[in-house]
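What follows is a set of notes on a single structure, which appears directly below.
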Amino acid sequence: MSAPRHDAHMDLLVDVRRTLGAVADKALDLALPASCAGCGQEGKALCRECRPALDVRLAAEPGVPIGLPADLPAPLLQLEWCAPFTGVTRRALHALKYDGERRLAPFLGAAVARRWARAGAAGDALVPVPASPDRVRERGYDQAALIAAEAGRQLRLPVLHLLERTRATTAQFDLDRATRATNLVDAFRVGSGDGRLGIAGRWLILVDDVVTTGATLAACAGALMDAGALAVSAVAVARER
Ligand SMILES: [Zn+2]
């Protein structure tokens, strides 16, 4: 008796997916039970056993760890991150970015809040690094914006969507280190919306998912400083080296 109803339900799902495309796909995926991005265990998007991986640097001293080059990209005042871009952290970021698993964002945003609360010198507001509009259309969300929303809630800091991309940049991993920075010059600008008025004299904190060379953060910080920011720091979920 229940078989025909099930078929009708599936037909409807297929129909909705076909009609509404990628965004509906993502929404429907959220109706399914999550499995842990770290270990595959069913239940939460990130299980209790895997969560500590996001906090491995929680007690680390702020700033550049001893033994690593002092590579704080100008004009950033501070750059912090929660964990190396490996293992559970890497898989969680990948699932948020490419598998539509937005239920990971609260876990990642909370880790950012914990690290910043311990290591952050100061700051008035969070500013997510914007993904390209094409990517946002494709995924139905901007992962850094979701991470910043949760971090802002926990840190009790406003989240300001001040930046926009001026053009699509070549995928960073296709470029050598030297041309990465050039690729990003003028890639970001302060948007015309709630933008400029909120920037003057403020200490802003950029939020991103993964930082590699820091060239993206430096380009964003440059745009904010040009628009009158007092200072710009940054915090990411992970750092890749
Ligand atoms: Zn797990």
Side-chain angles (χ1 to χ4, degrees), residues 26-27 29-30 32-60 62 76 78-120 123 125-132 135-136 138-163 172-173 204-214 216-217 220 233-241:
K26 304 278 156 61
D29 287 343
L30 290 182
L32 300 170
S35 59
C36 174
C39 68
Q41 178 185 151
E42 262 192 48
K44 299 278 184 192
L46 198 64
C47 78
R48 201 165 282 281
E49 289 75 45
C50 287
R51 280 175 223 170
L54 298 177
D55 287 324
V56 291
R57 297 192 72 253
L58 188 56
L76 282 179
Q78 186 180 8
L79 171 58
E80 290 299 334
W81 64 100
C82 304
F85 188 55
T86 56
V88 168
T89 302
R90 185 186 183 118
R91 290 195 290 278
L93 284 164
H94 193 280
L96 172 64
K97 212 161 168 173
Y98 301 111
D99 301 340
E101 189 44 276
R102 60 186 295 168
R103 284 173 292 197
L104 285 162
F107 296 104
L108 301 173
V112 162
R114 285 191 295 273
R115 177 60 185 157
W116 191 255
R118 285 283 278 267
L126 302 181
V127 180
V129 172
S132 80
R135 292 278 172 79
V136 175
E138 192 180 302
R139 285 176 205 146
Y141 57 85
D142 182 328
Q143 72 278 357
L146 295 183
I147 291 167
E150 179 66 21
R153 203 174 64 78
Q154 300 213 2
L155 291 165
R156 297 172 191 274
L157 287 174
V159 178
L160 306 177
H161 297 269
L162 298 174
L163 293 166
Q172 287 292 94
F173 51 76
L204 301 170
I205 307 157
L206 291 163
V207 177
D208 208 355
D209 49 359
V210 185
V211 50
T212 307
T213 62
T216 300
L217 292 170
C220 290
S233 300
V235 59
V237 176
R239 182 147 203 199
E240 185 178 27
R241 289 184 180 272

dist Asp99:CG -> Leu104:CG (nearest 0.5 Å) comes out at 9.0 Å
Worksheet item: Side-chain contact, heavy-atom cut-off 4.5 Å: Val129 with Leu163?
Response: no
Rounded to the nearest 0.5 Å, the CG atom of Leu96 sits from the CZ atom of Arg103 at a distance of 12.0 Å
Shortest non-hydrogen pair, Asp142 vs Pro130, comes out as OD2-CA, 3.5 Å
>> Counting C-beta onward and ignoring hydrogens, is there a side-chain heavy-atom pair between Tyr98 and Arg139 closer than 4.5 Å?
In response: yes
When rounded to the nearest 0.5 Å, the distance separating CD1 of Ile205 from CG of Leu76 is 12.0 Å
Could you check if a side-chain atom of Glu49 sits within less than 4.5 angstrom of a side-chain atom of Cys39, using non-hydrogen atoms only? no
Using modelled atom types and a 3.5 Å cut-off, is there a donor and acceptor pairing between side-chain atoms of Gln78 and backbone atoms of Ala119?
yes
Item to complete: Evaluate the side-chain contact (heavy atoms from CB on, under 4.5 Å) criterion for residues Leu79 and Arg239: first the C-alpha distance (whole Å), next the side-chain angles of each, then the deciding distance (0.1 Å), finally the verdict.
Response: CA-CA 10 Å; Leu79 171 58; Arg239 182 147 203 199; 3.7 Å; yes
Heavy-atom donor-acceptor pair, Arg57 side chain to Trp81 backbone, under 3.5 Å: yes
Within a strict 4.5 Å, meaning less than it, do heavy atoms of the Val237 and Val210 side chains meet?
-> no
Closest heavy-atom pair, Thr89 versus Ala53, reported as atoms and distance to 0.1 Å, is OG1-O, 3.5 Å
Taken to the nearest 0.5 Å, the spacing of Asp55 CG from Cys82 SG works out to 7.0 Å
Shortest non-hydrogen pair, Glu101 vs Ala34, comes out as OE2-CB, 4.3 Å
Notebook entry, point to check: So, do Pro128 and His161 sit near enough that their side-chain heavy atoms are less than 4.5 Å apart?
Noted result: yes
The residue among Val159, Val207, Asp208, Leu206 that forms side chain to side chain contact (heavy atoms under 4.5 Å, CB included) with Val127 is Leu206
Scanning both residues in full, the closest heavy-atom pair of Ala131 with Val136 reads CB-CG2, 4.0 Å
Indicate yes or no: at least one non-hydrogen side-chain atom of Arg91 is less than 4.5 angstrom from one of Val88. yes
Between Cys47 and Gln41 the two heavy atoms that sit nearest each other are SG-NE2, 3.9 Å
By salt bridge (Lys or Arg N to Asp or Glu O under 4.0 Å), Arg118 pairs with (sequence neighbours left out) none
Heavy-atom closest pair (Ala83 atom, Leu54 atom, distance to 0.1 Å) is CB-O, 4.3 Å
Okay, side chain of Arg51, backbone of Leu46: is any donor-acceptor separation there less than 3.5 Å? yes
Rounded to the nearest 0.5 Å, the CG atom of Leu108 sits from the CZ atom of Arg102 at a distance of 13.0 Å
dist Glu138:CD -> Arg135:CZ (nearest 0.5 Å) comes out at 6.5 Å
Query - Whether over 12 other heavy atoms sit under 6.0 Å from Lys97 NZ - result: yes
